[in-house]
Visitor: 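One structure, as structure tokens, below. Some questions next.
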Amino acid sequence: MPRRGSARLVRSSRRPPQERPGVEVGKRLTMTAQDFASLGLSEQLLRALAARNYTTPTPIQARTIPHLLQGRDLLGIAQTGTGKTAAFALPMLQLLHAANRRPRPKHPRALVLAPTRELATQIAESCDAYGKHLHLRGTIVFGGVGQNPQVQALSRGIDILVATPGRLLDLIQQRHCDLREVEILVLDEADRMLDMGFLPDVKRILATLPQQRQSLLFSATMPNDITALAQRYLRDPIRVEVTPPAATADRVEQSVYFVPKAKKRDLLVELLQDPDFERTLIFTRTKHGADRVAKSLQQVKIDAHAIHGNKSQNARERALDSFRDGKSPVLVATDIAARGIDVPEISHVINFDLPNIPESYVHRIGRTARAGRAGIAISFCDGEEREFLRDIEKLIKKRIPVAGNQIREDARAAAHKPAAPVQTPKPATAPSTSPWDHSGFGADIETDDQVAQPVAAQGSEPESRQRIRPDPRRAPGPYAPTPGRAPRQPDLRPRHERNRENHRGRPAMPNAVDPEQRRQDPEWLREQREAERREQQERQQQQQRPPQRPAPQHQPARRPHGNGGGSAPRRSGPSGGGHGHHGGGRPQQGGGGGSGGNRPHRGGRR
């Protein structure tokens, strides 16, 4: 099959948007397609899609692939689980294959940036599956593992690089990767990539890219401030919105439980006892919270694993594979798993902690009801998270129903129920000083701190709407005067005397007393210290004494052996005129006054 024209020729043959029939820049497109063949994909890609049983494109795929094949910059917004990965991977593979250019070492031709390691792994696997007949090479780069295999793959030359910003920036600084020949740039989960967490690294990476490139941004949520920032990196882009930004999946059944924070774990265990919870994904706000929830579930014999940023890459992959294969029915995660993790069999998503970022709620519940399936999303809300719940409902433009045959108004009224009066009311000028009377939970429980509220005057605001605050002059605190006690008189003593004692007459500090009044050490401790002091003095005196030389010891001369003519032994040396070995230290044997030598000789005639 003859190859198509190069990607450079495709981009150079652009026409202004006004000359393209049926295309309106900046407006929602209405193009639809019945199959992938009508989108202009190559025969190799169609065979790969048929092997995965993909026959009909999703709306986001049908509206983006034709324009991406023309080399246009694009901003795509669609619900989670609608096939955004294939929407940018298929045209990217076809353009790279049509260029028919071999990559240089350390110079990738296409760059895909993802916020998490799991999402980057999923994108790399999808590119390998779609492009198995195109003979394109690619690799994945992320932190948490050794960089040597990644450096070796880059040195051989690759077409597609899927990376997270942190590790990619390290390799660029080490000159293991050069992005000056990148033709296509993809930012998946663009709202997360352009927020304050990733924005500095992303800006440094984009500064190394060439100006003439094709840029693609995809996400399920796109706030207005992120959209304005994204326009700086796009040239004459097409905005494709299959659904309104921040829209939740239509097949997700949402509900919320109003429960105190201390009762969340009990409610979670009670829900997981239901056999309908086949595969459940639980989200927490913090990493330590995920570990605590997983540990509490394991204590009640529920197999659960935690996944978050503090876990090693191998531990995260093992936990995710065990959850995907069905060996572990429960996975506890932070928002790290809320971006692009595709496990189609998830039946329930539980928000143990409501996210403080409303867009994260959309990504969390989007892990269920994927690929046309149905799913259930349950959220736990305590008194401190009511503000988060209001922001979420404002974003998704719908009210989340309350679980358990309750209505929102009744729940709010019970949470803000005024305290009941007691039998002995206090004066009207002393309202309740308890800060928990109107906190939102436990308001219907009578405590000792609750007092009767004054009756509202006629024509004034109802009592339930009055804002109750404790009187600061009567509130308990360190500066409140004690009833029945005379005021403190000023101390006119000098400062050094006043610092010794406080106003109650006790020493301010243990070391502030006089030396005569300090507590003496016990007798045994004093004796032990005195003995140690004496031993130390003796050691010092011994070290100061001059060393004494030992007295010389007299060694008697040895008697000679044998029957020589001499009557007395003679030492060889100066007296005998000998020049023996080492001064003639060995006595001669025999007489005759012979001279000493090396060998002793017997007396008599020579």
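The residues of the chain are indexed from 1 along the displayed sequence.
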Visitor: Taking side chain as C-beta onward, heavy atoms only, is Leu168 less than 4.5 Å from Leu161?
Guide: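 Side chain of Leu168 against side chain of Leu161, heavy atoms only: contact under 4.5 Å found.
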Visitor: Between Asp325 (side chain only) and Lys327 (backbone N and O only), is there a donor and an acceptor less than 3.5 Å apart?
Guide: no
Visitor: Rounded at 0.5 Å granularity, tell me how far CZ in Arg180 sits from CG in Leu209.
Guide: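 These two atoms lie 12.0 Å from each other.
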Visitor: How far apart are the C-alpha atoms of His363 and Asp191, what are their side-chain angles, what is the distance that settles it, and do they pass the side-chain contact (heavy atoms from CB on, under 4.5 Å) test?
Guide: CA-CA 11 Å; His363 292 275; Asp191 60 332; 3.7 Å; yes
Visitor: In the structure I gave you, are the side-chain heavy atoms of Gln536 and Glu532 within less than 4.5 Å of one another anywhere?
Guide: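 Gln536 does not reach Glu532 side chain to side chain.
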Visitor: Can you tell whether the side chains of Asp178 and Lys106 come within less than 4.0 Å, N to carboxylate O?
Guide: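 Looking at Asp178 and Lys106, the cut-off is not met.
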Visitor: Please answer whether the main-chain N or O of Phe352 pairs with a side-chain N or O of Lys264 as donor and acceptor at a distance below 3.5 Å.
Guide: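 Checked: pair present.
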Visitor: Could you give the distance from CG (Leu331) to CG (Leu320), rounded to the nearest 0.5 Å?
Guide: 6.5 Å
Visitor: Counting only heavy atoms not in Gln173, do more than 12 sit closer than 6.0 Å to its CD atom?
Guide: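 Enclosed: over 12 neighbouring heavy atoms sit under 6.0 Å from CD of Gln173.
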Visitor: Which atom pair, heavy atoms only, marks the closest approach of Ala114 to Met193?
Guide: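 It is C-SD, 3.7 Å.
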Visitor: Going through the distances and angles, do Ile346 and Phe323 end up as a side-chain contact (heavy atoms from CB on, under 4.5 Å)?
Guide: CA-CA 9 Å; Ile346 295 178; Phe323 180 69; 3.8 Å; yes
Visitor: One pair to check against side-chain hydrogen bond (donor to acceptor under 3.5 Å, both in side chains): Gln544 and Gln540. What are the steps and the verdict?
Guide: CA-CA 6 Å; Gln544 294 176 0; Gln540 293 178 357; 5.5 Å; no
Visitor: Side-chain contact test, heavy atoms from C-beta onward, threshold under 4.5 Å: evaluate it for His305 versus Lys311 and give yes or no.
Guide: no
Visitor: Nearest 0.5 Å, please: how far is CD1 in Ile172 from OG1 in Thr208?
Guide: 4.5 Å
Visitor: Any chance the side chains of Glu538 and Gln542 put a donor and an acceptor closer than 3.5 Å?
Guide: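 Checked: Glu538/Gln542 side chains show no N/O donor-acceptor pair below 3.5 Å.
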Visitor: Fit a plane to each ring of Tyr257 and Phe380, take the angle between them on a 0 to 90° scale, and name the class: parallel (under 30°), tilted (30 to 60°) or perpendicular (over 60°).
Guide: perpendicular
Visitor: Please find the pair of heavy atoms, one from Val162 and one from Ala120, that lie closest to each other, and give the distance.
Guide: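 Reported closest heavy-atom pair: CG1-O, 3.5 Å.
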Visitor: Does Asp159 use its side chain to pair, donor to acceptor, with the backbone of Gly138 at less than 3.5 Å?
Guide: no
Visitor: Tell me every residue that passes ring-ring contact (aromatic ring centres under 6.0 Å, His included) with Phe388, counting only those two or more places apart in sequence or in another chain.
Guide: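 Expected list: none.
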Visitor: Go through the steps to decide whether Leu206 and Leu185 satisfy the test side-chain contact (heavy atoms from CB on, under 4.5 Å), and finish with yes or no.
Guide: CA-CA 9 Å; Leu206 296 182; Leu185 169 67; 3.3 Å; yes
Visitor: Quick check: closest heavy atoms across Pro105 and Ser155, and the distance to 0.1 Å?
Guide: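 That closest heavy-atom pairing would be CB-O, 3.0 Å.
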Visitor: Heavy atoms only: give me the nearest Gln298-Ala304 pair and the separation to one decimal.
Guide: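 Residues Gln298 and Ala304, closest heavy atoms: NE2-O, 2.7 Å.
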Visitor: Hey, what do you get for CZ (Arg104) to CD (Glu181), rounding to the nearest 0.5 Å?
Guide: 4.5 Å
Visitor: I need the Thr116 OG1 to Glu189 CD distance, nearest 0.5 Å.
Guide: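 With rounding to 0.5 Å, OG1 (Thr116) is 8.0 Å from CD (Glu189).
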Visitor: Less than 4.5 Å apart, any side-chain heavy atom of Phe142 and any of Glu118?
Guide: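 They are not in contact (no side-chain heavy atoms under 4.5 Å apart), so the answer is no.
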Visitor: Strictly distance-based, threshold 3.5 Å: is any side-chain N or O of Arg386 a donor or acceptor partner for the main-chain N or O of Asp382?
Guide: no
Visitor: Answer whether the closest heavy-atom distance between the side chains of Leu389 and Phe258 falls below 4.5 Å.
Guide: yes
Visitor: Looking at Arg364, Arg285, Arg367, which one forms a salt bridge (charged side-chain N to carboxylate O under 4.0 Å, His left out) with Asp335?
Guide: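 Passing option: Arg364.
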Visitor: Please determine which of Ile392, Asp353, Leu354 meets the side-chain contact (heavy atoms from CB on, under 4.5 Å) test together with Ser379.
Guide: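 Among Ile392, Asp353, Leu354, the one that satisfies the side-chain contact (heavy atoms from CB on, under 4.5 Å) with Ser379 is Leu354.
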Visitor: May I ask you to test the Pro108-Leu179 pair for a side-chain heavy-atom distance under 4.5 Å?
Guide: yes
Visitor: Take Arg265 and Arg292 through the test side-chain contact (heavy atoms from CB on, under 4.5 Å) and record every step on the way to the result.
Guide: CA-CA 10 Å; Arg265 297 184 186 181; Arg292 288 193 298 266; 3.4 Å; yes
Visitor: Do the charged groups of Asp321 and Arg318 touch, with an N to O distance under 4.0 Å?
Guide: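 Not counted as a salt bridge, because no side-chain N and carboxylate O are separated by less than 4.0 Å.
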Visitor: Hey, does the side chain of Arg167 reach the backbone of Val145 with a donor-acceptor pair shorter than 3.5 angstrom?
Guide: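 Yes, because the side chain of Arg167 sits within donor-acceptor range (under 3.5 Å) of the backbone of Val145.
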Visitor: For a 4.5 angstrom cut-off between non-hydrogen side-chain atoms, does Leu271 reach Thr280?
Guide: no
Visitor: Which pair of heavy atoms, one from Pro103 and one from Gly157, lies closest together, and at what distance?
Guide: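 Nearest pair, atom of Pro103 first, then Gly157: CG-C, 4.0 Å.
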Visitor: Do Asn351 and Ile365 come close enough that some side-chain heavy atom pair is under 4.5 Å?
Guide: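 The answer is yes; the side chains approach within 4.5 Å.
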Visitor: Nearest 0.5 Å, what's the NE2-CD1 distance between His348 and Ile282?
Guide: 11.5 Å
Visitor: Sort out for me which residue in Leu267, Asp266, Leu268, Leu272 forms a side-chain contact (heavy atoms from CB on, under 4.5 Å) with Glu270.
Guide: Leu267
Visitor: Identify the heavy atoms of Thr286 and Thr334 that sit nearest to each other, and give their distance.
Guide: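 Looks like O-CG2, 3.4 Å.
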